[in-house]
Structures are given as structure tokens and as C-alpha cells.
Amino acid sequence: MRWTETFIPTHKEDPTEAEVISHKLMVRAGLMRKLTSGVYTYLPLGLRAIKKVEQIVREEMNRAGALELLMPILHPGELWQESGRWDLYGKELMKVTDRHQRNFALGPTHEEVITDLLRNHIRSYRRLPLTFYQIQTKFRDEIRPRFGVMRAREFVMKDAYSFHENEASLDKTYQRMYEAYARIFQRCGLSTAPVQADSGVIGGDVTHEFMVLADNGESEILSCECGYAATREGARSLIPPYSIEEKAKPLEKVNTPGAHTVEQVTEFLNVDAKRLIKTILYRCDDRVVAVLIRGDRDINEAKVRRSRECAKLEMATPEEILKVSGAPVGFTGPVGLKGVELISDKSLQGLVNVVVGANEDQAHLINTNFPRDFAIDSFESLHMAQAGDLCPACGKPLTSRRGIEVGQIFKLGTKYSTSMRATFLDQDGRELPFIMGCYGIGITRTVAAAIEQYHDEGGIIWPITIAPYQLLILPLNVDDEKTIATAEQLYETLSEAGLEILMDDRDERAGFKFKDADLIGIPLRLTVGEKSLEEGKVELKLRRDDQVLKIDQDKAVAHVVKLIHKERSAIENVSAKK
RNA sequence: CGGGGCGUAGCGCAGUCUGGUAAGCGCGCCUGCUUCGGGAGCAGGAGGUCGGAGGUUCAAAUCCUCUCGCCCCGACCA
């Protein structure tokens, strides 16, 4: 492709709206433009990088035995009502109505549609297992889109769904996908870490996220030197033990005017937050559950949801709190709390003489002890993990890093097949729900993550496997006949050799073209200029280092082909061995 | 959803408080000359319903009301 015949609107200045480097560079390098909040047009250069990632994903999905199809972006509302997610998915589900006022949703993910397909067409265990995938635009009405394509509302995603007759078959496919994912990200040149995660609204029990480590990533990863790694939400950390060597004192009520947060209460009473119990009321489907946790810790709602097996979990409203506890928000406590389940995080074990809300306006109880003053129905791990907690695998402290989630795989089980009555007949003629798995990769986010990982002050440094072009030919002075003739000839010969080439044939000054070359980050650059041509040479340079290699004109083709091969295999052979 | 900020030329911004030759700057774009190996110089030029609607006024980018869009922070931990 000739620069003058394509569309690469580069910019010298950062766009004001961009915060993170990948967003800035994707705009500056002419990869994309914003249409509206969280929605982008991918320009030719950006689209080429996206297509490269897609192709790698496609190859690896096919290799793993998945079948490509393409599902609609517009989903009938009934399908989502059937699975229960019409109400449960949340506001991110973009709902629309057609001219007949029929309800539709823009697909944020496709479990419903694929399950509907399978239930209509697969009746026998003999056809299982089956895995389908698609690469398609998704829409999620994010509460706050940001960081460009990293948290967009409209984005390209690969999603795959597998169907099985039993757990063993699901395990096998899950493992296969896990390995495919590792290969995909390696082939994209990315270093990723698989971590244990929470399954959120998708559902299911076992799930891993693939993270690209990046300082400004949105997700916090807790990891241990033993190899354990999990997201903050998914971590099963242990809280360092804290016990108090004190005799139980008599229960006492104290006035705590105006103190309705942990901070205010601890300050008012001059006690450590660890000696306070927070009592949080949740509406869990149709019942109310009180969750107790030590004052210095936060609750992991995903754990509560799983523990109570409820579909919808929300904090109780102030009205509900008043009704249940008899006191306004800020004074709830476990003593005398009636009509609710009382579950506790394990962080309460070992506590003596603690502070709790009195279920009375402007009052707390001190020197509370259990089971003397109240009973706890069960002790479970319900806390949000944090750095410094202990590794569930080996007991050493966990450390915190940040990452960008580029892929996630789930064992769904029968969540959707049961609610949507998608069944097959096993060999004994029994009707059973499909056992499912699902597997996503954020394609556009992967491109952004690659830029986060590979850039310098000058711009992007594409890994060659996902670069929009492999080689940039840069004739310095397009008015010089010899220069342009040489460049044209190299362009032609190397194109015939199968290389993807961009030639900067613009009539611009050298410095200008060099700056743009660095900005758009094509991995190899072949500079053709009068000075070197006098010696019969052209100049070959890798974007990622500073060395300029002067090579004989007639050896240039062979050299370039060899170097590209070398660059590719540096990335791809690693994955081949794994 | 709450709070804050911003909408003026393709991009980045000043001007708004204090209404009146305040429609301006830099980059980019067009023409010409010079220059030509890391975002050139000079000269000339094109380009704006000042986000939109309504209002106040002799007069509105500027004041008032409404509205739309964009960005940032926060979002119930008792």
C-alpha cells in the first residue's frame, strides 16, 4: 500500500480526551476515531491490526476444534427473559424496541442465542461435544466508558461456547481452550498471566482470566511466589489472624451521636477498626441476609451471592434497613437482629469485646461477644481479598499487580441449558441439560493492550505478528529519480515475495516522515536515500532498536525476508514449543 | 445516578468574570519561492450558524432559562 493512496491521519498532539497511552497512540497514529462516547470507527491501519489478531484467534480456535459461525447482534427480548438475564444482567444490557414496541437487546454476549440454536437442533449425545465461536461486535452500555477501546461500549470480541454430555468432556474442552488462549496471546507477542477469577453475571464456577500485565490496567491481580494468581474478586485469600487476649467484659450500650461510618465510630470511641464488626444487610432475591465482617475489611459480594445461591444480590435500601433493624443506616448490629440469616466472614474469629451497631439510632454496643450476645449461623470466607492477605495455596503473603483482562474462560455448567430447557438424550435415553462452557477474547482490547505493552516516546512498536504492515519502505526524497525507482522496485519485489508493505511515497521532508514512521510503529523500516544509494546501499532498521543496518541494494530483498522471518519466529516458535 | 469541568476553524487553545472592531493564536490545509537525512523558513490565502433552542438588550461567544454532547471523580461497606 502506498501512503498517498490510503488514509492514515496522524497527529503530532495528543487528543485531550485520552488518558492512557494506548488511547492516545491509537488516535495519534490514525488507527481509530471516536464517533461518540465509547464507540469508535476503526480506520484502515487500525483495522489491519484488528484483523491480524482476529486471524490468529481464528486459526487457534479452528485448531482447537471450534466451529465458526456468526450470530445476530439484535436479540429478541424473550430469549433474555427466558434465561432470567433480562432483569439480572443490569443496565449494561442495551435494550431497544422496534416499531411494534417489541423488546430487543443488543447482544453483550451470546449464551442465550447459542443455547437456543442448540436446543432446536441437537437432540442426541452422539453429536456432542460441540464448540462454536464467532468474532463479532458486542455492545455493552458501560456506566462509564474510558481509556479508549479498553473500556468501550462497542467492541469486537471473539466468543465461543461449548456443549457437553458430561463434566469430563467439559473439562477436556476447557483445558484445550486454556491452551489455545495461551498460544493466541503468545502469537500476538503478548505476555499474559492466567489468573483465577470471579464469574460475575455470566455464571459458573471455574473461570480464568488472561491478563496482560500493565501498570494502568483496570484489574488488580493478587499473586504469590508459589504461582497462585487471582483477581481481587476471585481470590480466596486468608486474612492474617488477629486475636485479642482479653477476658470478655459485660456488654454496654454507648451513645455515638452522628457516628454512622466505621471511621467515625472508631474515631469517636478511639478503637481500632479491627475491633469493630460491620453488619451489612443485603436483599438476596426475596430474603434479607445480614453479613458480618471485621471493620477494616470489605465484603466480596460475589462470594455472598455464591454462598447464598441467589441470583440477585443488592444492598438493602435505607427503608429496608429501618424495617429490619429498627434503626437508620449506620447503626445496624447483630445483637437482637431478628428475622434474617446471619452469616459472618471468618475475619471475626478470635475477636473479643467488639463494637457493633445497637440497632438504635445514635448508639453502638461495646464489649460485645459471641456466642454470648448473638449467634452466627455460619462462618465463611466472604471478604474482598487485598495485598498482604495470605495465599490460599501456600500461606505466604499475596502481592498486588495490575493487568488488562484480554480473555476469560468459564465452566458454565447447566445454568443456561436448565433455564432455557436445552436438553439432549443420553445413551440411556434420559433427557439431560447440556453442560456448557464459554470462552471470550476482547479483540480490540487485545490490540490496545499490545500498544500498552509495546511503545516508546516516539509511538507504537508493533509485534510483527499483529502489525498492520510488516515493512515500511521510506524513500526520503520522492523527487529524486534514483531514489523513487529503487524504492518502487523494492516495493514490487518484496510484495511479490508476500510481504505486507506500506510505502511512504508522500512528498514530505525526511524528518516528518521519520516521525510518522516511529508513530505508527511498523516493525521494519527500509530507508532509501541518495546518500546511501551512492554507495549502492539501502538502510534497514528495526523499530524497536536504534541500529541502522546499511545493506547492499541487491541483497536488500533477501535481507528483509530473512529478518522478517527471524522476527516472526522469535514470537511464534516460542508458542510452537509449548 | 451524584459531584466537577468543558463545548469557539480539521486538531490543540485564548477570548466569557467586566455585553459594544474580540472572531483571534498555534498546528494542520491551499498557492508561491527558498529549503530538503529526524515534525523547515518566508510571503500570501481558504476555513467558524462561537454545541442547540428560547429569552434579556439598541447590541450577546460573553448575561438568564432550558436542552444536547463530551471528559474527569465518586456511587450506597452501616
Side-chain angles (χ1 to χ4, degrees), chain A residues 9-20 23-24 27-28 30 33-39 90-91 143-148 256 258-266 273 276-283 290-301 304 314-322 324-325 327-334 337 345 347 355-364 382-384 457-459 474-480 483 504 506-519 525 527-534 538-539 541 546 548 550:
Chain A
T10 59
H11 267 295
K12 193 152 57 173
E13 292 168 55
D14 285 336
T16 35
E17 66 194 27
E19 289 243 303
V20 297
H23 187 190
K24 289 176 182 171
V27 174
R28 282 188 54 206
R33 286 292 184 269
K34 184 175 74 179
L35 178 63
T36 183
S37 180
V39 179
K91 298 218 173 85
I143 184 167
R144 188 142 89 83
R146 62 187 119 178
F147 306 147
T256 51
H260 48 79
T261 65
V262 169
E263 202 176 300
Q264 289 162 346
V265 173
T266 51
L276 186 138
I277 295 175
K278 288 197 280 199
T279 307
I280 312 288
L281 297 179
Y282 282 98
R283 164 149 298 282
V291 182
L292 306 187
I293 192 161
R294 210 169 71 191
D296 63 322
R297 301 298 301 231
D298 292 333
I299 291 168
N300 183 338
E301 292 184 7
V304 176
E314 284 176 331
M315 284 189 148
T317 60
E319 295 74 45
E320 284 173 317
I321 292 170
L322 187 61
V324 171
S325 74
V329 177
F331 303 94
T332 313
L337 198 61
D345 181 62
S347 56
V355 178
V356 301
N359 294 325
E360 190 176 304
D361 198 7
Q362 319 292 339
H364 280 76
L382 302 169
H383 64 274
M384 185 66 83
E457 316 75 56
L474 200 158
L476 286 174
N477 178 3
V478 295
D479 291 329
D480 181 63
T483 299
D504 190 353
R506 293 176 299 172
D507 185 9
E508 292 288 351
R509 301 162 61 84
F512 187 91
K513 299 215 278 193
F514 282 137
K515 288 291 183 192
D516 265 354
D518 288 347
L519 181 59
R525 190 180 83 195
T527 307
V528 183
E530 290 162 77
K531 282 184 191 166
S532 293
L533 279 181
E534 277 171 27
V538 291
E539 299 157 30
K541 180 184 171 299
D546 295 328
V548 176
K550 290 203 172 194

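Chain letters run A, B, ... following the sequence lines, proteins first and then strands; every chain starts at 1.
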Which base sits across from [N] as a Watson-Crick or G-U pair, both distances under 3.5 Å?
N     : result
B/A46 : none
B/G24 : B/C13
B/G74 : B/C1
B/G54 : B/C64
B/G69 : B/C6
B/C33 : B/G41

Considering only the [atom1] atoms, how many Å lie between [N] and [M], rounded to the nearest integer?
N     : M     : atom1 : value
B/C33 : B/A22 : C1'   : 34 Å
B/G19 : B/C64 : P     : 11 Å
B/G69 : B/G24 : P     : 32 Å
B/A61 : B/C17 : C1'   : 14 Å
B/U18 : B/G54 : C1'   : 25 Å
B/A14 : B/C36 : C1'   : 34 Å
B/G28 : B/A9  : C1'   : 11 Å
B/G2  : B/A46 : C1'   : 46 Å

Over how many whole Å does the gap from [X] atom [atom1] to [N] atom [atom2] extend?
X      : N     : atom1 : atom2 : result
A/R509 : B/G39 : CZ    : P     : 8 Å
A/R506 : B/G38 : CZ    : C1'   : 13 Å
A/E17  : B/G10 : CD    : C1'   : 14 Å
A/D518 : B/G38 : CG    : P     : 12 Å
A/E13  : B/G26 : CD    : C1'   : 8 Å
A/R28  : B/C27 : CZ    : P     : 17 Å
A/I143 : B/G3  : CD1   : C1'   : 14 Å

Within the pair [X] and [N], is there a side-chain N or O less than 4.0 Å away from OP1 or OP2?
X      : N     : answer
A/R144 : B/C71 : no
A/T16  : B/C71 : no
A/S37  : B/C71 : yes
A/K34  : B/C71 : yes

Between [options], spot the one nearest the side chain of [X], thanks.
X      : options             : answer
A/K278 : B/C27, B/C77, B/G37 : B/C77
A/L519 : B/G39, B/G37, B/C72 : B/G39
A/K12  : B/G37, B/G39, B/C11 : B/G39
A/M315 : B/C73, B/C77, B/G39 : B/C77
A/F512 : B/G39, B/G37, B/C77 : B/G39
A/I280 : B/C27, B/C77, B/G37 : B/C77

**Toward the 5' end of RNA chain B, by each residue's nearest nucleotide, A/N477 or A/I277** =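 Result: A/N477.
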**Asked** Starting at the 5' end of RNA chain B and moving along, which residue's nearest nucleotide shows up first, A/E19 or A/E539?
**Response**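 Checking each residue's closest nucleotide, the 5'-ward one belongs to A/E539.
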**Item:** Check: A/M315 and A/I321 side chains under 4.5 Å, non-hydrogen atoms
**Value:**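 A/I321 does not reach A/M315 side chain to side chain.
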**Prompt:** Can you check whether A/V265 reaches A/V355 side chain to side chain, under 4.5 Å on heavy atoms?
**Reply:** yes
Nearest heavy-atom pair of [X] and [Y]: which atoms, and what distance?
X      : Y      : result
A/G333 : A/N359 : N-OD1, 2.8 Å
A/D345 : A/L382 : OD1-N, 2.6 Å
A/P328 : A/L322 : N-CD1, 3.8 Å
A/A273 : A/T266 : CA-CG2, 3.6 Å

**Prompt:** Going through the distances and angles, do A/R506 and A/L474 end up as a side chain to side chain contact (heavy atoms under 4.5 Å, CB included)?
**Reply:** CA-CA 9 Å; A/R506 293 176 299 172; A/L474 200 158; over 6 Å; no
**Item:** Check: B/G12 base within 3.5 Å donor-acceptor of A/D14 side chain
**Value:** no
